[in-house]
There are 2 protein chains.
Amino acid sequence: MATKNIKSGQAKFGEEDVLRQIEQAVLDHRLVPGTKLKEVQLANLFGVKRGLIRKVLTRLAHSRLVDQTPNRGATVAKPSVKEGQDLFATRRIIESAILETLIGHAEEKHVQQLGRMLDREQKAYLCGDTERALGLSVDFHRELARMAGNSVLEEYLNDIIRRTPLVILTHLGGDEHNRCRNQEHEAIVDAIARRDVKTAKKVMHQHLLHIEGKIKHKPEKPPADLAELLRPHSVGQSA
Amino acid sequence: MATKNIKSGQAKFGEEDVLRQIEQAVLDHRLVPGTKLKEVQLANLFGVKRGLIRKVLTRLAHSRLVDQTPNRGATVAKPSVKEGQDLFATRRIIESAILETLIGHAEEKHVQQLGRMLDREQKAYLCGDTERALGLSVDFHRELARMAGNSVLEEYLNDIIRRTPLVILTHLGGDEHNRCRNQEHEAIVDAIARRDVKTAKKVMHQHLLHIEGKIKHKPEKPPADLAELLRPHSVGQSA
DNA sequence: TGATAAAATATTGTTAACAATTTTGTTATC
DNA sequence: GATAACAAAATTGTTAACAATATTTTATCA
């Protein structure tokens, strides 16, 4: 196992940094469900003390990104089919409420901002930078939540977004169908511009169903090298 | 300050126990927003090590029940007016979705179970045991969520329920108007029995507005003795 | 070979001691 | 008395050493 020291002694990482790195790795599908997360290994990887890692793992467990078993450590969570379904169902509810709230007080500048995001996303996609496109696609949903202005709804959507990749990887297999369709994002922005709540919701609903419909049990995936997976990665590519 | 040793050396408390004790104290309005939570004090109170308390406080901070400032410790959270409004708005959305989901597959036994809970709540109220009535009233909402069968929705409702008392105490003042009206609970169960989603939602909406409408800034509250507040209390009175 | 038991190793969990910081209290000066 | 500077105490934050548990390896025997 050459999983050690590859990234040791990097720049100073704080608790928040380590947390975000791991969250981002999950979001990017680099960290797959079931992967064992050993404390010393991670500590070396990030060049921090074990206590720090310990706190981070606890927090990740609390937000259901990792499973923690007493005396047996932590692994990247493997949500059940049921949890996946509940997560998607709830996402439809939350995103629907976000649209309704947002359209209730949407201004021209909001629509313009969303338009710009769409362009960036489209551009990245055409450039073949699919990883960036994926990130921007997620940012689109986040931005809708932010614009809606309800901090609790935003919080919950972010929670769902963080957990969704694990459901997809556990039950939908590889990196095949997990991307938002730009076309549908456009239709949503159009509906918002027209203050057409009904259409916006309908499109969003359809949009989310495209992914959910494919959930089914899909066993096993080979584990991989942690040091490789958690390598350099800027967190939050919305810049 | 005789806040020490009053409860020291009690039965063995685990992390989960301490967490629940404090959560319950918040739910029961015994612990008011702004109260300082010192680590050694709590450790003595529950007869546990400081490290344990430390973990619990972190978890409570994560679920927004306490505010933690670096080097300056933890206090019971004081949610802003905005957060309170967002919380209530989200609660309407979530409870609405719960009703819709539940009515989608409600069976006779569900309605009967809810009826029994109503009776118990009513009884406690008539007996003058308002604290128990309050608890049962909360349990009613929890039970709706459980019956709906969506674990994520349930999780979010529980989160909202945990945070709500802090909003009420911070912005609504004393223990005046914070109780659910049994009458409205009954109307909700009736609507469920008739599978009348529209009415159920409407009543619930009204039900929640009764509280929210009264939010406004209401400054200060005198702090009190911790040892007193966190004394004996069975957690989960739904028995 | 295969199964079982024992030892060695690795991993997680806890704690007490220490360090860093903030808060409180005291004194001195005006 | 009020203010500032300093010292003392209290509180929070970190860590390294140890304990407990789980996992892997080795040894033994049928």
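Letters A, B, ... mirror the listed sequences (proteins, then strands); counts begin at 1.
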**Prompt:** Using 30° and 60° as the class limits, which term best fits the ring planes of A:Y156 and B:Y156: parallel, tilted or perpendicular?
**Reply:** parallel
**Item:** Separation between CD of A:E155 and CG of B:D159, rounded to the nearest 0.5 Å
**Value:** 6.0 Å
**Message:** Please report the end-to-end axis angle for the helix from C:dT1-D:dA30 to C:dC30-D:dG1, five pairs per end, rounded to 10 degrees.
**Reply:** 0°
**Asked** Is A:T35 reaching over with its side chain to a backbone N or O of A:L31, donor-acceptor style, under 3.5 angstrom?
**Response** no
**Request:** Grab the CG-C1' distance between A:L42 and C:dT12 for me, whole Å please.
**Result:** 13 Å
Using the 3.5 Å cut-off, write out each protein N or O paired with an N or O of nucleotides 14-17 of chain D and the distance between them.
{"from": "D:dT14", "atom 1": "OP2", "to": "A:K55", "atom 2": "NZ", "distance (Å)": "3.3"}

**Prompt:** Got a donor-acceptor contact below 3.5 angstrom from the B:S80 side chain to the B:E83 backbone?
**Reply:** yes
**Message:** If we ignore hydrogens and angles and just use 3.5 Å, is the side chain of A:S137 paired with the main-chain N or O of A:A133 as donor and acceptor?
**Reply:** no
**Message:** Could you check whether any side-chain N or O of A:H110 sits under 3.5 Å from a backbone N or O of A:A148, counting only pairs where one atom can act as donor and the other as acceptor?
**Reply:** no
**Fill in**
When rounded to whole Å, the NZ to P distance for the pair A:K38 and C:dA10 reads 10 Å
Under 3.5 Å, sequence neighbours excluded: what are the donor-acceptor pairs made by side chains of residues 87-98 of chain B?
{"from": "B:T90", "atom 1": "OG1", "to": "A:N150", "atom 2": "OD1", "distance (Å)": "3.3"}
{"from": "B:T90", "atom 1": "OG1", "to": "A:N150", "atom 2": "ND2", "distance (Å)": "3.2"}
{"from": "B:T90", "atom 1": "OG1", "to": "B:D86", "atom 2": "O", "distance (Å)": "2.7"}
{"from": "B:R91", "atom 1": "NE", "to": "B:E95", "atom 2": "OE2", "distance (Å)": "3.0"}
{"from": "B:R91", "atom 1": "NH2", "to": "B:E95", "atom 2": "OE2", "distance (Å)": "3.2"}
{"from": "B:R92", "atom 1": "NE", "to": "B:H205", "atom 2": "NE2", "distance (Å)": "3.4"}
{"from": "B:R92", "atom 1": "NH1", "to": "B:E212", "atom 2": "OE1", "distance (Å)": "2.2"}
{"from": "B:E95", "atom 1": "OE1", "to": "B:H141", "atom 2": "ND1", "distance (Å)": "3.4"}
{"from": "B:E95", "atom 1": "OE2", "to": "B:H141", "atom 2": "ND1", "distance (Å)": "2.8"}

Donor-acceptor contacts under 3.5 Å from residues 51-58 of chain A side chains, at least two apart:
{"from": "A:R54", "atom 1": "NH2", "to": "A:E39", "atom 2": "OE2", "distance (Å)": "3.3"}
{"from": "A:T58", "atom 1": "OG1", "to": "A:R54", "atom 2": "O", "distance (Å)": "2.9"}

**Message:** What is the separation between atom CD on B:Q41 and atom P on D:dA9, rounded to the nearest whole Å?
**Reply:** 20 Å
**Strand-adjacent residues in residues 60-72 of chain B, judged by heavy atoms under 4.0 Å from DNA chain C** = B:N71, B:R72
**Message:** With a 4.0 Å limit, can you tell me whether B:K36 has a side-chain N or O closer than that to the phosphate oxygens OP1/OP2 of C:dT23?
**Reply:** no
**Prompt:** Are the charged groups of B:E16 and B:R59 less than 4.0 angstrom apart, N to O?
**Reply:** yes
**Request:** Check side-chain contact (heavy atoms from CB on, under 4.5 Å) between B:R146 and all other residues, then give those that pass, not counting sequence neighbours.
**Result:** B:E143, B:E154
